[in-house]
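Structure below; questions to follow.
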Amino acid sequence: MSSAEETKPKDFIREIIEEDIKNNTYGGRVHTRFPPEPNGYLHIGHAKSILLNFGLAEEYNGLFNLRFDDTNPSKEEVEYVESIKRDIQWLGVDWDDREYYASDYFEQLYEYAVQLIKTGKAYVDDLSADEIREYRGTLTKPGRNSPYRDRAIEENLSLFKRMRKGEFPDGSRVLRAKIDMTSPNIIMRDPVMYRIQHQKHHRTGDKWCIYPMYDFAHGQCDSIERITHSICTLEFENNRSLYNWFLENLGIFHPKQIEFARLNLSYTILSKRKLIELVNGGFVSGWDDPRMPTISGLRRRGFTPQAIRAFNQAIGVAKNENLVDVALLEHYIRKDLNKITPRRMVVLNPLKVVITNYPEDKYEMLEAINNPEDPSMGVREVPFSRELYIEKDDFMENPTKKYFRLAPGKEVRLRYGYIIKYQDHIKNDDGEIVEIQCTYDPLTKGGYAPDGRKVRGTIHWVSANHAINAEIRLYDRLFTKENPMDLKEGEDYLDYLNPESLLTLKDSKLEPSLSKSKVEDRYQFERLGYFIVDPDSSNENLVFNRTITLRDTWAKIKRKK
RNA sequence: UGGGGGCUCGUCUAACGGUAGGACAGCGGACUCUGAAUCCGUAAGUAGAGGUUCGAAUCCUCUGCCCCCAGCCA
């Protein structure tokens with residue numbers, strides 16, 4: 001370990017844990033967990049929590065559990081548990097055989113509830129949901145006791161048993177903790193512990209018709225699993241006193257809850273509820289749409305677990321509300337892909353170029369470097385011939401001063417090809433440029449200038465007769481507003497959907513070596529960006545997704561004018 | 001306006017009473033067969049007011065602003 005790493009500052013959670021280890025608080029153990037509810041796909045914000053909890057266990061020689069918080073059967077599905085497991089694994093996180101479910105503990109939780117009834121600390125309430133709300137009071141007004149609050153223990157016991165047996169309809173009764181209806185912390189005003197829900201559960205089937213509330217399940221599940229540090233997000237700070245109350249009144253193992261700030265990302269929405277709306281409303285193609293901030297979406301978009309981990313490292317952990325610039329995420333994916341992806345030449349928007357002094361039937365194979373950042377990736381050959389395609393953007397009829405590409409009277413280098421010189425261009429009846437004619441300099445094969453002449457511009461190209469076709473999907477940010485959640489009266493976050501978040505190109509031209517590409521192969525298309533083969537791809541129809549563009553200072557210069 | 005949290009460059013995050021540092025973004029330059037990458041340079045911050053102290057981002061007091069809580073959601 002270098003001295004820089006040794007003095008690397010610790011976040012507040014690591015400080016707490018190290019203190020606990022030092023004081024032998026949990027016998028020196030560290031045991032964390034990630035507790036997702038299987039009611040949607042995981043997103044980049046969850047990755048922060050997963051990586052944090054797993055990283056802690058690794059660093060302190062501890063254990064990490066995966067536990068599904070499946071206490072509400074009306075919202076949860078197996079599809080989600082499958083996707084969650086797949087995504088966590090993809091991130092490189094391993095929970096060994098410690099895969100648990102809150103529903104594994106339903107019987108134990110029921111016994112805990114009975115225990116609280118027996119000690120006079122819980123009661124069955126017949127008030128309706130509306131009445132409970134009314135009795136609860138408000139932020140500034142204390143609540144009132146329910147008329148059922150002082151039922152005899154025996155009556156509570158029998159009623160609760162009958163709730164379990166299914167004798168009562170949904171919503172007719174609940175089990176509540178008897179705490180304090182005047183507490184300034186509203187969470188403590190006799191919170192509901194169990195509700196009746198005649199609903200099939202994805203794991204326990206019809207065994208139960210009463211289900212514990214998250215608040216009555218979460219802390220005890222952590223306790224049962226002997227979790228030492230229960231790490232959760234800021235909005236659960238108020239609930240901590242309730243978890244502590246349950247743990248203390250039950251007299252069971254007491255984990256330490258620590259809250260941190262969830263991730264917010266600019267130009268992105270990280271709310272499960274809203275993500276579901278995007279999927280169900282058809283605004284995206286699904287949970288794994290490459291524009292989605294879900295792990296599945298990012299994977300399909302071409303992100304790597306390594307980049308996500310590096311990003312995670314960079315954002316840190318703290319209690320401050322934050323809005324991390326999505327540019328930081330983009331920085332780390334570029335950084336990773338730059339090192340690992342082979343380069344290829346692809347023309348997105350083709351414009352024909354004819355080399356008038358190059359023989360009609362001739363073609364030759366030219367050597368191109370696969371990755372200048374990594375010589376071990378070797379070289380490949382690309383065909384060169386009389387008719388080529390270049391990018392429409394790489395020719396300008398009336399060039400601006402700093403334009404280094406092809407233009408009347410100018411010379412440009414074809415990457416790994418030849419230096420060519422403008423001769424003429426042809427327009428169609430609509431005035432669009434349809435063809436450029438150039439001459440090539442045979443002494444510049446491979447792109448070298450033996451006479452030492454400076455050619456400022458180098459552009460990519462593809463041989464017309466050898467090119468293959470593919471569908472290219474150009475993705476961009478899903479939202480046009482930095483914080484789509486920060487809305488004025490009457491606005492909706494959907495108002496800020498980016499209409500250009502997906503642009504599909506059908507007649508792009510690719511160098512022939514790309515024909516062998518397989519799903520999830522990644523490349524850098526030179527001068528354009530990083531691309532990955534989409535699962536929609538077939539041998540007949542290759543489909544590439546653009547993960548991210550290259551940094552483009554030329555675009556920046558243009559924008560400034 | 002009850003309770004619980006939080007305010008450090010534009011953005012994230014360090015500094016634990018002793019030189020306010022890093023990363024991204026920005027700007028300028030070098031290099032370049034990718035206007036990429038790389039390299040160099042540069043600007044930019046302690047919410048405010050008091051107090052304690054030789055010395056305060058850090059401790060104390062007050063003020064302001066932001067977030068969370070009134071689900072039989074998690």
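We use all heavy atoms of the structure for the numbers below, so side chains are in, but hydrogens, waters and symmetry mates are not. Numbered from 1 within each chain, the chains take letters A, B, ... in sequence-line order.
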> Using a cut-off of less than 4.0 Å, is there contact between a side-chain N or O of A/K10 and OP1 or OP2 of B/C16?
Replying inline: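 Indeed not, no polar side-chain atom of A/K10 lies that close.
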>> With a cut-off of less than 4.0 Å, is there a side-chain N or O of A/R195 near OP1 or OP2 of B/A74?
In response: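 Answer is yes, contact under 4.0 Å.
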> Going by number, which of residues 451-461 of chain A have a non-hydrogen atom under 4.0 Å from RNA chain B?
Replying inline: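 Listed by number, they are A/R456, A/T458.
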> Which dot-bracket string describes RNA chain B (Watson-Crick N1-N3 plus N6-O4 or O6-N4, or G-U N1-O2 and O6-N3, all under 3.5 Å; [ ] crossing; | other strand)?
Replying inline: .((((((..((((....[..)))).(((((.......)))))....(((((..]....))))))))))).....
> If you look at every strand shown and take non-hydrogen atoms under 4.0 Å, does A/L127 touch a base, only sugar-phosphate, or nothing?
Replying inline: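 Base: the residue A/L127, judged by heavy atoms under 4.0 Å, touches a nucleobase.
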>> Using ring centroids (six-membered ring only for Trp), state whether A/F236 and A/Y214 fall under 6.0 Å.
In response: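 Yes: the rings meet the under 6.0 Å criterion.
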> Crowded around A/K558 NZ? As in, over 12 foreign heavy atoms under 6.0 Å?
Replying inline: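 Yes, the 6.0 Å shell around NZ holds more than 12 heavy atoms from other groups.
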> Would A/F216 and A/F246 satisfy ring-ring contact (aromatic ring centres under 6.0 Å, His included), going step by step from the backbone distance to the final call?
Replying inline: CA-CA 8 Å; A/F216 186 66; A/F246 283 134; 4.9 Å; yes
>> Heavy atoms only, 4.0 Å cut-off, all strands: where does A/R415 land among base, sugar-phosphate and nothing?
In response: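 Here A/R415 touches the bases of the nucleic acid.
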>> Which residues pass the side-chain hydrogen bond (donor to acceptor under 3.5 Å, both in side chains) test with A/R195, not counting sequence neighbours?
In response: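 None.
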>> With a 4.0 Å limit, can you tell me whether A/T553 has a side-chain N or O closer than that to the phosphate oxygens OP1/OP2 of B/A36?
In response: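 Affirmative; the distance criterion is met.
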> With sugar-phosphate meaning primed atoms plus P, OP1 and OP2, does A/D170 contact a base, only sugar-phosphate, or nothing at under 4.0 Å between heavy atoms?
Replying inline: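 The residue A/D170 makes no contact with any strand.
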